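A quick note: this is a predicted structure, and the numbers were derived from the prediction, not measured. Nothing fancy with the numbering, it's 1 onward along the sequence. Just follow the structure's listing: the first ligand is 1, and inside any ligand the first atom is 1.
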Amino acid sequence: MSGRILVVGSLNADLVVQTAAFPRPGETVTGGDLSTGAGGKGANQAVAAGRLGGAVSLVGAVGADAHGELLRASVAGAGVDVSTVAVRDDAATGTALITVDAHGENTIVVSPGANGTLAPADLPDSAVAGAAVLGLCLEVPEDVVVDAAQRARASGLTVVLNPSPFRAEARGLLPLVDVLLVNEGEAAALLGVAEDAAPGELRDGFAALGVARAVVTRGADGCVVIDGAAAPVAVPAVRVDAVDTTGAGDAFMGALLLRLADGDSLLDAARFAVGVGAFAASRAGAQASYPTSDALAAFLRR
Ligand code: ADP
């Protein structure tokens, strides 16, 4: 039987404007039409798992505003239980202000808003007790991450951390984590190795930090799976014409959570997740680009 998935994390409205070139300091430029998308790492992870059929609860916070309503509706629309998403009267919903230039490069300013008000008391014991796995990111306060990981470990959940956006202090969280999910840039920052470090070097680096189980994602090059002393395995990507890789890492995480909750090995879960990440990269947006099981099956049969 599938285990329940608990995600404690952020919800952000992604406000995106295309511009021919980025404005210089003090300059004003006219961009294209504004698009407002549902994002935030916690919400993205929950939606990815929920849309694929997982039983998911999201713990987070939004403001009592239109963006908060949009986000709760998007997450609930993926079948995720949002009864544990708090609505704050005194904070705005988290927002990511994103500009994309003619080369597809972006600049992003995140205003945490209500995400920054999340507190350990927002995570009910009942949500922990009923779950098999916990997914965490670093877009909510660190005391929330530490408390959730400790309570989850005490209840026997598998704790999966995506230490993003990366901060060096994330090292202190590693003893509380069962599975670490990082992209190659985060792996390089954490381990002090090159982004294209060999799988064995990654395994040894993680082992030195006390991390036995980790997945390093490598965009169009797939991922490397490290599971204890066994030889690390490089899993190739599913080939796709990438349209927009926003939220591909979060899609991968949601898929990994789903399969770990089902009792899959880390390697089997990662083999499933590369397909979900590729699907997300082949479509625009974050949550808008995530597949149902049927859509994923059709995509993989192409
Ligand atoms: P992040 O978004 O966190 O930087 P990555 O870019 O490594 O993460 O992407 C996460 C996963 O999504 C990859 O491991 C891969 O499976 C999939 N993915 C991302 N970009 C592509 C791509 N261009 N082609 C195929 N799969 C991709």
Side-chain angles (χ1 to χ4, degrees), residues 7 9-10 12 14 16 37 39-49 51-52 96 98 100 103-108 110 135-139 160-167 170 179-191 193-197 199 202 213-227 232-260 264 266-291 295-296 299-300 302:
V7 175
S10 54
N12 287 327
D14 290 343
V16 187
K41 298 190 70 68
N44 291 349
Q45 294 163 4
V47 165
R51 201 165 284 160
L52 288 164
I98 304 171
V100 181
H103 305 290
E105 294 286 332
N106 61 31
T107 70
I108 305 178
V110 174
L136 294 167
C137 63
L138 298 185
E139 284 187 336
V160 184
L161 172 67
N162 175 214
S164 180
F166 184 77
R167 305 190 283 271
V179 175
L180 191 68
L181 174 65
V182 289
N183 64 26
E184 54 195 348
E186 292 156 357
L190 198 55
L191 305 179
V193 299
E195 290 205 359
D196 61 351
L202 292 171
R213 306 177 75 203
V215 179
V216 180
T217 63
R218 295 189 141 160
D221 291 325
C223 68
V224 175
V225 180
I226 292 152
D227 196 353
V233 178
V235 177
V238 171
R239 287 184 66 89
V240 75
D241 287 328
V243 170
D244 175 9
T245 60
T246 311
D250 297 333
F252 188 105
M253 170 91 164
L256 201 70
L257 292 170
L258 178 76
R259 285 306 180 95
L260 291 176
D264 268 19
L266 188 57
L267 179 57
D268 286 344
R271 285 190 170 126
F272 174 72
V274 291
V276 178
F279 188 103
S282 72
R283 286 162 175 75
Q287 290 168 30
S289 70
Y290 296 171
L296 179 67
F299 169 75
L300 295 175
R302 295 164 301 159

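Which parts of ligand 1 touch V240 is read off a 4.0 Å heavy-atom cut-off, strictly below it: atoms 24 (N), 25 (C). Interface of V274 with ligand 1, defined as ligand atoms under 4.0 Å from a residue heavy atom, comprises 16 (O). In summary, the atoms of ligand 1 found under 4.0 Å from a heavy atom of G222, numbered by their order in the structure, are 13 (C), 14 (O). In summary, the atoms of ligand 1 found under 4.0 Å from a heavy atom of A242, numbered by their order in the structure, are 23 (N).
Nearest protein heavy-atom neighbour of atom 22 (C) of ligand 1: A220 CA, 3.7 Å. The protein heavy-atom contact nearest to atom 25 (C) of ligand 1 is V238 O, 3.3 Å. Taking atom 11 (C) of ligand 1 as the reference point, the nearest protein heavy-atom neighbour is F252 CD1, 3.8 Å. For atom 4 (O) of ligand 1, the closest non-hydrogen atom on the protein side is N183 ND2, 3.0 Å.
Selection from G249, A251, G277 by nearest heavy atom to atom 10 (C) of ligand 1 gives G249.
Residue-level proximity to ligand 1 for D250 is absent, since no heavy atom of it falls below 4.0 angstrom. Under 4.0 angstrom from ligand 1, there are no non-hydrogen atoms of R239. Of all the heavy atoms of T217, the ones lying under 4.0 Å from any atom of ligand 1 are found in both the backbone and the side chain.
Enclosure of atom CZ in R302 by more than 12 non-hydrogen atoms of other residues, nucleotides or ligands within 6.0 angstrom is indicated.
Shortest non-hydrogen contact noted between C137 and G42 is SG-N, 4.0 Å. For the pair A220 and A237, the tightest heavy-atom approach, listed with the atom from each and the gap, is O-CB, 3.3 Å. Residues A49 and L258 come closest through the heavy atom pair O-CD1, 3.9 Å. Between A187 and V193, the closest heavy-atom pair is O-CG2, 4.3 Å.
Side chain of R283 to main chain of P291: no donor-acceptor pair is present (N/O by atom type, distance under 3.5 Å, no hydrogens or angles).
At a cut-off of 3.5 Å, with distance as the only test, a side-chain donor of T246 or D244 sits close to an acceptor on the other residue.
Stacking of R259 on the aromatic ring of F272 is recorded, both the 6.0 Å distance cut-off and the 45° axial limit being met.
Applying the ring pair (Phe, Tyr, Trp, His ring centres under 6.0 Å) criterion to F299, with sequence neighbours excluded, gives F279.
On a distance-only criterion, G219 and ligand 1 share at least one N/O pair closer than 3.5 Å.
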